[in-house]
Every structure is written in C-alpha cells, then in structure tokens.
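Only one structure is covered here, and it is reproduced in the block below.
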Amino acid sequence: MSRQKQKGTLAETAVVRYLRRVLGDSENTIRRETLHGTRDVGDVTGVRIHGEPLVIEVKNHKTYELKQWLGEARLEAGNADAPYYVVAFKPVRVTNPGDYMVLTDLRTLARIAGHGVIEEES
C-alpha cells in the first residue's frame, strides 16, 4: 500500500472511530466504504442528518485542494443519493480527529440548518 493510501486509511479510520464514539453508534452503522470505481459513495457513511444520509469525504494531505475535494464529495453524494456531504480533512500536525476541519458549501449548510428544507433559489 502506498504511503498516501496509508495516510488516507488512517484518517478515515480515525473519523469513523471518533464519530462512533461521540454519536453513540453502538451498532457500528458508521463505517468506511469500499471503493466503487466511478460510483464511489464517499469514504465514511452511516451518519444521518434529519433522517437523511450524509456522505463524508476524508482527506489527509499537506496541501489543500478545497474546490476539487468539494466537487468529489458532491459527486459521491449524488452516487449515494445523499442530500448532505462534507469533506473532513486533517490539518498538518493535528492528531485529534475532533479537531479535523469540515468543509461544505453554503447550500448544504442551509439544508442542514433548515432541517432539510430551504426556499427555492432564484
């Protein structure tokens, strides 16, 4: 396994363990996903917001490609038929997954804050 793949696996595992613990997921519904080729559905699934699925794309890189990462998360949320998506990324020298950064677009944040309902955009 490549060094970058190992770093990604470690970050994904840390996110899963953290979310299982803090969300009380005793049934282990929060999990790392396997690769599905062009139909990937995110790195971590099993978290729900307002009863709807959230796709989490996890990144562990020294440089940040935020636009690319967000586009990847959006695409994978579409593959998973999930209305919510975020990118969780590990900042350099951060060890606690609770301190990872989370990125999404304003539309997704509005859906989360609006309990899944937002006014039509003009």
With hydrophobic residues grouped by side-chain heavy-atom distances under 4.5 Å, do F89 and V55 end up in a single group?
-> yes
Could you tell me the separation between the CG atom of L109 and the CZ atom of R111, rounded to the nearest 0.5 Å?
-> 11.0 Å
For atom CG of D81, decide whether the heavy atoms of other residues, nucleotides or ligands shown that lie under 6.0 angstrom number more than 12.
-> no
Heavy-atom donor-acceptor pair, N79 side chain to D40 backbone, under 3.5 Å = yes
Exercise: identify the closest heavy-atom pair between G42 and E57 = CA-OE1, 3.8 Å
What are the two closest heavy atoms between K90 and Y64, and how far apart are they?
-> O-OH, 4.3 Å
Kindly compute the distance separating CD (E27) from CZ (R20), expressed to the nearest 0.5 Å.
-> 11.5 Å
Rounded distance [0.5 Å steps], OH in Y18 versus CG in L23 | 8.5 Å
What distance separates L70 CG from E65 CD, expressed to the nearest 0.5 Å?
-> 13.0 Å
Same cluster or not: are V94 and V44 linked, directly or through other Ile, Leu, Val, Met, Phe, Trp or Tyr residues, by side-chain heavy atoms under 4.5 angstrom apart?
-> yes
Interatomic spacing from CZ in R39 to CG in L75 - rounded to 0.5 Å = 8.5 Å
CZ of R74 to CZ of R107: how many Å apart, nearest 0.5 Å?
-> 7.5 Å
Taking a hydrophobic cluster as the set of Ile, Leu, Val, Met, Phe, Trp and Tyr residues connected by side-chain heavy atoms closer than 4.5 Å, whether directly or through intermediates, do I30 and Y84 fall within one such cluster?
-> yes
Decide whether V16 and V58 are clustered together by the hydrophobic rule: side chain heavy atoms of Ile, Leu, Val, Met, Phe, Trp, Tyr closer than 4.5 Å, transitively.
-> yes
Quick one: are L19 and I56 in side-chain contact, heavy atoms under 4.5 Å?
-> yes
S2: what forms a side-chain contact (heavy atoms from CB on, under 4.5 Å) with it, not counting sequence neighbours?
-> Q4, K5
Sorted by chain and residue number, the side-chain hydrogen bond (donor to acceptor under 3.5 Å, both in side chains) partners of T13 (sequence neighbours excluded) come out as none
Under 4.5 Å between side-chain heavy atoms, hopping through other hydrophobics if needed: is there a path connecting L54 to V15?
-> yes
The side-chain hydrogen bond (donor to acceptor under 3.5 Å, both in side chains) partners of R32 (sequence neighbours excluded) come to E12
Could I get the full list of salt bridge (Lys or Arg N to Asp or Glu O under 4.0 Å) partners for E72, not counting sequence neighbours?
-> K59
Got a list of side-chain donor-acceptor pairs under 3.5 Å for residues 97-104, not counting sequence neighbours?
| from | atom 1 | to | atom 2 | distance (Å) |
| --- | --- | --- | --- | --- |
| T104 | OG1 | Y85 | O | 2.7 |

Contacts under 3.5 angstrom, residues 45-53 side chains, donor-acceptor by atom type, not counting sequence neighbours:
| from | atom 1 | to | atom 2 | distance (Å) |
| --- | --- | --- | --- | --- |
| T45 | OG1 | E33 | OE2 | 2.7 |
| R48 | NE | G51 | O | 3.0 |
| R48 | NH2 | G51 | O | 2.7 |
| H50 | ND1 | H115 | ND1 | 3.3 |
| H50 | NE2 | I112 | O | 2.6 |

